[in-house]
Each structure stands twice: as structure tokens, then as C-alpha cells.
Amino acid sequence: MRILCPGGCSARPQPVSLGSASAGSLTTVLNNGPKVKGMTTDPLGSMKSALADEVNKALSEMGVEESFSPLQVARSPKDVDVYGLPVGFKIARHLRRKPDEAALLVAERIDASSIPYAEEVRVEAGYLNVRVSRETLFKDVLSLASREELGRGESKGEKLMVEHTSVNPVHPLHVGSGRNAIIGDSFARILDFLGWDVRRHYLVNDCNLQVAILAAGRSKIRHLKPKGKPDHWFGLIYAMANAILEIGRIKRGESEEGDLKEWEETIERVRAQDPEIAEGLTELDDRYVMDLLKRYQSGDPDAREVFREVAESVLKGFLQTLGRMGITYDQFDWESELIWESWVRKSLEKLESSGYLGRDGEAIYVDLGRAIREREDVRRIFGLTEDEVRRLEEEGRLEEVVPPRFYLTRSDGTWLYTGTDVAYSLFKVEATDVRRCYNVIATEQTLEQKEVRASLALMGYDPDFLIHFAYEMVNLVGVRMSGRRALYITLDDLLDEAKAKVMKILEERGMGRDPEIEEIAERVAVGALKYALINVSPTKVVQFRWERVLDFETNSGPFVQYSYTRAHNILKKAGEIPESFDPSKLSSDLEVSLVYMLAEFPEKVRSAYQLLRPDLISQYANELASTFNKFYETHPVINAPEGTREARMWLVMGVRGVLGKALDLIGVPRLERM
RNA sequence: GGGCCCGUAGCUCAGCAAGGAUAGAGCGGCGGCCUUCUAAGCCGCAGGUCGGGGGUUCAAGUCCCCCCGGGCCCGCCA
């Protein structure tokens, strides 16, 4: 497989034995943070773990069959320094006691000295609570936070792959593809921070019908020189080619008559943007397109030249935009090379020997219907038990729930994306040394991802090697988007618009137009867009509005960036950092809240990883920024009395460190001036 | 028809993984605060039958069942 790096480097991945490809289940990989005392990067987490351990130990000594997770340890709403578990309620019945009495029996067995940072253990309202010692906790938290070590995972010595973006190279990136890239990139950053060696891969889908349409269009106007940003220019050819093909189908009566007008409008849209393309590209037919695709897949040099020109040009345009947003990749895998370098053949051989490969004329498919009846591993992927499958079969409904055939090729022998996707999975397992691969792919592909995982299982691999990181689409409120109709709002448009607004704000503040100001505007714009697309739970549809991206107030990228800047500037002006500080000087509600909020950061990062929720980091960053701004309004640092000043400087260092790290993890640029 | 996802304030969303101690933010609306570390900020007011109904539980926004509403998928498209 050819490797293409932005820097022009080239390398070939080392094949690896199959044994190393097995993945542990998601849940066993997780624990509640580093356990080694004194070396932890999660002080509060170590307290929670120890508390849960102690309680569980006591319960098991008492013969009570209940247990608690460290994650259940929650802060008391009445007292900031108190964390606890609702032990009493859980075990009251087992012991035939009132909740408080029951909790007391547990409390008596607990050795507070074995719980880090615990000052005392007590029972309140059915809860078993520990009071935390600020003296030690605050020092550890702020020391770690200011060095940006809080929550960092030890090196795992293992590689994980994140495959993301992987957009068809046929038209410019729009907000939907942007969400994929932004979520995938953020998740990769989170994995990296937690100690994995992350490999970011982009699958270049250059072998499908869409690219063939573009390539066919391009082949008719090869004399034209690309103008402007390549993805935009080729995007017009793609829309033009689609319109011609659709109009042809309508005229032959193969498509709905009513669509004719909108395709004619598409042509006019292209003409308005680039008359050369509209005048040069006038005819195209489906057979020509299919033939070109077939030739490309079989390695024909002429076809290869035009396919590669369009795919590489559009990809180059993508990388400009993605680079602008700070999103980069370690490796680009070309779909065509999965075919040429026999990964498709190898996957077919493995499926053939599994006995689940079927043929329908010349078309090849995986016999999922039989696999689901016969294979437990395949049933598990579809969330079905043996009994359920049997019952569905008796009712004749099995095929409604699981499609019986998973087609890999067309009957003309060309590969479908499903076929190359199976081959790609085989490639990931065999040709890389990653332990797991996260596929950042839209939720609409959930079924296909299950089918691919089932195929992996049938080829003899652990299907849990592949994890579908599903995210929902972006709904541009009030805007109709269609790449095939040259109807889209591109990421470039959004970034430019946001940047223009930032420039205007900066000018209103009397900042001139110089390169530094431009750079600030660019970074604020990137922050605003990325934050808007990441700050929603991935499985929810994003309701995208211009106003939302251009709103730089609370709960926006710029808001968090601004808060970071404030923290940074306090420290810059305050001068030398004191060696130490007195934690008891941090005593106001806001100061104490801030430290505890920082202490929760490691848990947030682990949750983001475990639940596939980068938005948890952006939510957290917003809350931290908001609390910090309240502190900022009411707590002078530089002019504070001696003692208080040093303690607040440490607090601000901690906030800056965590806020900065949180911004890094969601890929929003840090700014020192704005 | 079947499968998956979503439904919390006028709008956009957290909270559901791990059921607990008074349902949270932001935007929008109304009213305040710039001789003090950047007002992209802060303070206050108004706004909720957590889609509906059952169930489990000492305890349900959170778990289970049914229903209603919305989205996506069920292609030899990707």
C-alpha cells in the first residue's frame, strides 16, 4: 500500500502476525486511572478509587452482596469538600437496619488513612462521606494542572488507529464532513493524551462511482487548466457531470421527469461560477462512466491518470482546509491500492475458505443469512441471541432484521465500497500493528459497519478490532445541501465568514490590520467553528445555524479561548512564579470550586474516551471558563495581599493549564492575545 | 413493515454509561456593571407536567414495558 504523507515522506507499513491483532473488550481496557499512589496524575480519582475499594472490602467482609464503582462517588451538594457514596440505602435491607445505621456499620470498618486526601469518614443522610483535606489535595491538583500533567495517561506502549474524514474526493468539504474530521481529530488527541500511540488514517475513496463521474467529466475537458482551489474547481465538474447524466436518464425515461428543471438549474449554477466548464463539458453517458471505473479498478494506465489527477487534486484542496483547522493525518490509504495490491483478493480468499461466500451470477456476496444462523460471533454483532434468531426465522422475519446478502462486487466485476471496506479492514488488521481501530463514520452507516465487522469475524479475526464511532449528520437550518447539485456551504466559506466577523470586532477595538491580527482572527474563527461542531453529543443531529458559529459569547470556542487568554495575561503581568503557596489562602467559594473543578478533569477525559464523547471536554471547558470568569471579576490576583497573591497565581496557573489542555483536546487553538 | 437513534425552559443543548441528597447551561427577552489583571466579560429577573402512560425501587430525567412524535437505515449508491 502506498503511503502519502503531507510532508512528502513515504513508508511501507510492516506486516504483523495475526496474533497481535486481537483486541480487549472496551470495558476491560478501562479502569479508574493510574493506581500507583504518589505517581498518580489524578489525585481526586485516586481518592474515589480508594473509597470505593474500602467500601467494597467492608461490604464483602460483612457478607453484603453490593458493590460500588469509583465513578459513583459524587460530591455532596451541601459541602464542597465532601464526597460520598449512597451506601446506607443500598444495604439497609440486607442488614435490616435504617440507612444511617447500616452506613455506620460500614464506616466503622473503613480505615480513613488508606484513602488519599481523606480527612475523616462520616455518615450523613444515608451516605457514607469522606471529607477531603484541601491542604494536600489542592497542592497536588494545582501542581499537576499547572504542568499540564493532570489527567495525562502513562504511555501504554500500544497503537490505536483512528480512521476519520475519508470523504469522497469529488467536491469541497462541507459542514457534515467537517463534523467527522473535527470529532475524529479530537478523539485522536484524547487517545494520545491518555497514553496511546495514535495513528490517524484517511481512506481515500477513489474507486467508486462518484469519483468515476468526476473523472469522466474531467476526461472530456482535459485541456482546461484548474483554477483556484482545486476541490472547488473539480467540484463544479462533478456537479456538471452529474447534471448531464441525470438529464440523460430523464430523457431516456429512466428517471423522474420532474427533476429535469433542477438539473438544468445545476448547469446554470456551474455556468455562473465557471463558464469554461459549462461550455466544455456537454456530453457524458453512464456506460462511459462505468467503463472508466472498470478500467481504473483493473489498473489501466489512462484511466489511472485521470482518476489520480482528480482525486489527488481534490484531496490537496481538502488538506488545505483541514490544515487550516489544525487537522492532520499520519497516513492516507488509497482504496484503489487495496484492489491493486490484492487486499480485496485476500479478503475474498479468507471469506471463501470460511464457507460464507456466495455468488449471484458474477456478483459476489457474504452469506450473512447463513452466518447469523450458524455463528455466535456474528449474532453478537447484530445484538441477537440464538433463541431470537430461531424465533425470527420461524416467523419468517429474519431477513427483515438482518439482510441475508452483503454484496461486495457488482455483476460486472467492479468492486463496491462494501467490498473494498472489508478489504480495508483486513489491511488494518494485517498490515498495521494497531490494537484497535476506531472508524469515525456517520450513524447512517451503522448497518454497513456491522456487516463489515461480521465479515471480519468470518475471516477469522476479532470483530471488536473495529469500533464504529458513530456520529449524526449536520442539519443546516434553512439550507438545502447537495454536492451533486453544487449546492453546499463549504468549510472554507464558514471559516472565511467567521474570520471576517472577528476582523471586524478587532478593528472596532482599534487593532490594525497586521499579520498578527490576521492570525488571531484566523484562530478565533477556527475555534468558533470547531467548538460549534464538537459541542453536541455525537449521536445527535447538529442543528447548524450561522448565528451559532458567529456567536462568540458564553458557550463558544472564542469564550473559552478568551478565558484562557485572561489567565495567561494575569500570569504574564504577575511576574515570577512563587515556589510554593498556602492552600488555605484559597478559601472563597469560587476559589475552592475552581480547584475541585480542575480535579475532575481527568475523569472527564476518561469519560470522553470511554463513551466516545469529545463534547464532554468542550462542555467541561466551557464550565471551567465560566467559573474562572466569575473568579476573575471578583478576585484580584496581582494586587492581592501577600500570601493570597501567590495562592491565586497557582490557581490561575492550574486553570490555564487545564483550560489549555482542554482546548488542545478539542482542537481549538490557544491564544495569548485576542 | 422491520432495525437503530432522538424527544429536558420560546430556541440550541448538558445531565441518563455508574438510579440517590434542591432538575442545569447558553441563546433570545427584560434590568444593571467598564478611572482596578482585556466588557469576546460579569451580576440580577423571567422561563420546566424532563413527549405520554404503566411498572421496578426506600428513591426514576436516569432502569424495564407500551404508546405518541421526529430522524436515519433496510441498493449489485457511498
Taking the minimum atom-to-atom distance to the side chain of [X], which one of [options] wins?
X        : options                : answer
A:Pro558 : B:rC13, B:rA40, B:rG2  : B:rA40
A:Arg566 : B:rG41, B:rC43, B:rG20 : B:rG41
A:Glu603 : B:rA18, B:rA78, B:rA21 : B:rA18
A:Lys78  : B:rC43, B:rA21, B:rC76 : B:rA21
A:Leu416 : B:rC76, B:rA18, B:rG2  : B:rC76

Does [X] contact [N] through a side-chain donor or acceptor facing the base, at a distance under 3.5 Å?
X        : N      : answer
A:Arg509 : B:rA40 : yes
A:Asp360 : B:rC76 : yes
A:Tyr562 : B:rA40 : no

- Under 6.0 Å between ring centres, would you say that holds for A:Phe559 and A:Phe552? no
- Item | Partner set under salt bridge (charged side-chain N to carboxylate O under 4.0 Å, His left out) for A:Asp81, not counting sequence neighbours |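 A:Arg131, A:Arg134.
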- Can you tell me how far C1' of B:rG1 sits from CG of A:Leu392, to the nearest Å?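 The answer, rounded to whole Å, is 14 Å.
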- Message: Is the terminal nitrogen or CZ of A:Arg359 (NZ for Lys, CZ for Arg) located under 6.0 angstrom from the six-membered ring centre of A:Tyr365 and within 45° of that ring's axis?
- Response: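 The answer is no; the distance or angle limit is not met.
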Protein-nucleotides 6-10 of chain B N/O pairs under 3.5 Å:
unit_1: B:rG7; atom_1: OP1; unit_2: A:Lys540; atom_2: NZ; d: 3.0

What integer number of Å spans the [atom1] atoms of [N] and [M]?
N      : M      : atom1 : answer
B:rG51 : B:rA9  : P     : 8 Å
B:rG54 : B:rG61 : P     : 14 Å
B:rG55 : B:rG70 : P     : 28 Å
B:rG3  : B:rG48 : P     : 37 Å
B:rA40 : B:rC77 : C1'   : 45 Å
B:rC50 : B:rU8  : P     : 11 Å

- Quick one: is B:rG41 close enough that its OP1 or OP2 comes under 4.0 Å of any side-chain N or O from A:Lys630?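 No, outside the criterion.
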Using a heavy-atom cut-off of under 4.0 Å over every strand shown, decide if [X] touches base, sugar-phosphate, or nothing.
X        : result
A:Ser556 : nothing
A:Val524 : base
A:Leu616 : sugar-phosphate

- Please map the stems of RNA chain B, keeping only stretches of three or more Watson-Crick or G-U wobble pairs with both distances under 3.5 angstrom.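 Only these stems qualify: B:1-7 with B:68-74, B:10-13 with B:24-27, B:29-33 with B:41-45, B:51-55 with B:63-67.
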Give every pair of a protein N or O atom and an N or O atom of nucleotides 58-62 of chain B that lie under 3.5 Å apart, one pair per line with the distance.
unit_1: B:rC58; atom_1: N4; unit_2: A:Phe89; atom_2: O; d: 3.3

- Between protein and nucleotides 67-73 of chain B, map the contacts as a letter string: B base, S sugar-phosphate only, - none, heavy atoms under 4.0 Å, written 5' to 3'. -----SS
Between the protein and nucleotides 27-36 of chain B, are there any N/O to N/O pairs under 3.5 Å, and if so, what are the atom names and distances?
unit_1: B:rC27; atom_1: OP1; unit_2: A:Glu553; atom_2: OE1; d: 3.2

